[in-house]
Novice: 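Let me give you the structure first, and then I'll get to my questions.
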Amino acid sequence: MYRKTYVEIDEQILENNVKKIIKKYNQYQYYIGVVKNNAYHHGIKIINTLIEAGVNYLAVSSLEEALEVRKYNRDIPVLILEPIPLEYIDDCVNNNITITVENKDYVSNLCKIKLIAQLKVHIKIDSGMNRLGLKDKKEVQEIYELLKKTKNIFLEGIYTHLMTSGVNDFYYDKQIARFKELIEGIDLTEIPIVHVDRSLTLVKHEKLDFTTGVRMGIVMFGFNGSSKWGTGLKAKLRMLKRNRFIKKHHISPTILENDLQVKPAFKMYSHVLALRKVSKDEVVGYNASYKVKEDGYIATIPCGYADGVTKDFKYVFIKNNRYEIVADSSDMLMVLVDEKVKINDKVEIIGDNITIQEVCQRLGKNSYQLFNLIQNRVVRVYKNKDECIEVKY
Ligand SMILES: Cc1ncc(COP(=O)(O)O)c(C=O)c1O
């Protein structure tokens with residue numbers, strides 16, 4: 001590593017997370033690890049850790065991502081969550097890649113192709129999100145029948161995507177009801193993988209008895225969606241209001257808190273590249289944006305908005321103390337420190353002290369978006385048992 005700014009992915013944590021999820025929610029046959037977008041920016045390399053821990057199917061967004069998976073694992077089945085152009089179907093067949101179908105014309109054309117070997121297909125149902133999927137019952141039935149009778153096509157799965165976790169709303173119930181209605185004419189016992197839940201619905205609802213699989217994304221990366229209600233008067237009032245809403249709209253029971261001890265495996269570190277003394281009234285950074293209030297020190301950290309980090313992150317952590325980021329630039333942050341900080345000290349940007357949740361709250365983003373912020377130019381270092389491997393994406 002030439003520039004000592006890196007994301008550390010702790011594969012032991014990922015392995016423990018997956019094992020804990022499978023142990024707690026142990027009624028599924030298919031644990032589909034959602035690893036789109038370079039495994040939520042953790043790096044696709046981690047798939048083998050997830051697989052060792054019990055994930056037995058993967059899901060990605062595109063054929064490019066599926067082929068990337070194949071560089072690391074030849075055997076694990078991979079589902080592409082978005083439809084792909086029919087001209088690339090042979091690539092799927094040749095690489096054991098499963099496709100999603102969600103449109104009648106597409107399926108008619110697919111079934112006319114002379115396939116060189118078996119192609120696995122999952123039908124996507126639109127139960128209300130209006131993003132992808134079939135929303136007409138007759139079409140669902142027609143597609144089902146067409147796929148079933150087409151040589152070399154194996155209808156392996158059927159699924160939908162839930163737009164909310166169904167905690168303070170009735171959309172979860174509505175979507176489940178709509179899904180059931182749309183697939184009424186289908187014999188689910190003939191389809192091995194029926195998958196509806198995603199991370200947050202997995203932890204917040206009882207298992208749906210007709211599902212055999214679950215798609216797990218953010219929960220594998222350390223977020224259990226547990227919401228604490230607190231004990232004060234305000235919390236009690238909120239709870240009362242919620243209960244009234246639930247009663248009024250006949251919302252199914254949800255599990256608010258859980259003891260699933262998953263942890264983020266994604267940490268980001270840098271070091272003190274330069275250090276200077278500054279006096280009261282000196283200014284720091286572009287546009288002289290920060291004016292020094294009293295004599296002190298500025299530490300320069302080789303990490304900036306080209307890496308995805310801005311001064312809105314607010315603090316970094318060095319040697320047991322938090323220090324304020326007072327200015328930023330494309331490649332460097334300037335941090336107000338004291339005499340305890342020395343050149344080359346390790347700087348935590350995201351980790352056990354400056355947590356993802358804290359930064360997300362400050363930036364008004366969720367964890368999916370925060371992972372996305374951190375750019376691929378930041379080297380990933382993989383920690384696994386005694387091994388440490390650097391990867392540049
Ligand atoms: C179709 C689909 N399924 C599952 C997931 C995983 O969601 P989560 O990270 O909430 O588990 C996603 C994520 O965007 C998705 O688009």
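Side-chain atoms are counted along with the backbone in the values below, which use heavy atoms only and exclude waters and symmetry mates. Ligands are counted one by one from 1 in listed order, and the atoms in each one are counted from 1 as well.
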Novice: How close does the nearest protein non-hydrogen atom get to atom 12 (C) of ligand 1, and which residue and atom is it?
Specialist: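 For atom 12 (C) of ligand 1, the nearest protein heavy atom comes out as H161 CE1, 3.6 Å.
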Novice: Mind checking whether Y40 and Y368 have parallel, tilted or perpendicular rings, split at 30° and 60°?
Specialist: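 Tilted.
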Novice: Below 3.5 angstrom, do we get any N/O pair linking G217 and ligand 1?
Specialist: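 It does: an N or O of G217 is found under 3.5 Å from an N or O of ligand 1.
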Novice: Against ligand 1, does R131 come closer than 4.0 Å with any heavy atom?
Specialist: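 Distance cut 4.0 Å: R131 passes for ligand 1.
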Novice: Which residue holds the protein heavy atom closest to atom 11 (O) of ligand 1, what is that atom called, and what is the gap in Å?
Specialist: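 It is S199 OG, 2.4 Å.
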Novice: For F371 and F266, take the angle between the two ring planes, folded into 0 to 90°, and tell me which bin it lands in: parallel under 30, tilted 30 to 60, perpendicular over 60.
Specialist: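 If you compare the ring of F371 with that of F266, the planes turn out tilted.
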Novice: Identify, by atom number and element, the atoms of ligand 1 in contact range of Y368, meaning under 4.0 Å from any of its heavy atoms.
Specialist: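 Near Y368, meaning under 4.0 Å from one of its heavy atoms, ligand 1 has 8 (P), 9 (O), 10 (O).
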Novice: Within ligand 1, which atoms have a heavy atom of I218 less than 4.0 Å away?
Specialist: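 With I218 as reference, the close atoms of ligand 1 come out as 8 (P), 9 (O), 11 (O).
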Novice: Enumerate the atoms of ligand 1 whose separation from the nearest heavy atom of Y40 is less than 4.0 angstrom.
Specialist: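 So the answer, numbered in order with elements, is 6 (C), 7 (O), 8 (P), 9 (O), 13 (C).
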Novice: What residue and heavy atom of the protein are closest to atom 4 (C) of ligand 1, and at what distance?
Specialist: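 It is R215 NE, 3.3 Å.
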Novice: Would you say V219 touches ligand 1, if touching means a heavy atom closer than 4.0 Å?
Specialist: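 Outside the 4.0 Å threshold, so no.
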Novice: Quick check with a 6.0 Å cut-off and a 45 degree axis cone: is K180 positioned over the face of F210's six-membered ring?
Specialist: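 The answer is no, since K180 fails at least one limit relative to F210.
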Novice: Counting only heavy atoms not in N26, do more than 12 fall under 6.0 Å of its CG?
Specialist: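 It does: N26 CG has more than 12 such atoms within range.
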Novice: What protein heavy atom sits nearest atom 16 (O) of ligand 1, and how far away is it?
Specialist: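 Ranking protein heavy atoms by distance from atom 16 (O) of ligand 1, first comes K36 NZ, 2.8 Å.
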Novice: Show the nearest heavy-atom pair for residues L146 and S108, with the distance to one decimal.
Specialist: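 Heavy-atom minimum between the residues: CD2-CA, 4.0 Å.
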Novice: For H195 together with Y30, are the ring centres under 6.0 Å from each other?
Specialist: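 No, the ring centres sit 6.0 Å or more apart.
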Novice: I'd like to know whether ligand 1 has Y159 as a neighbour, heavy-atom separation below 4.0 Å.
Specialist: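 No heavy atom of Y159 comes that close to ligand 1.
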Novice: For the hydrophobic clusters of this structure (ILVMFWY residues joined by side-chain heavy atoms under 4.5 Å, transitively), does one cluster hold both L147 and I183?
Specialist: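 Yes; I183 is reachable from L147 via cluster members.
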Novice: Taking the six-membered ring of Y28 (Phe, Tyr or Trp), confirm whether the NZ or CZ of K207 is under 6.0 Å from its centre and within 45° of its axis.
Specialist: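 Checked: cation-pi criterion met.
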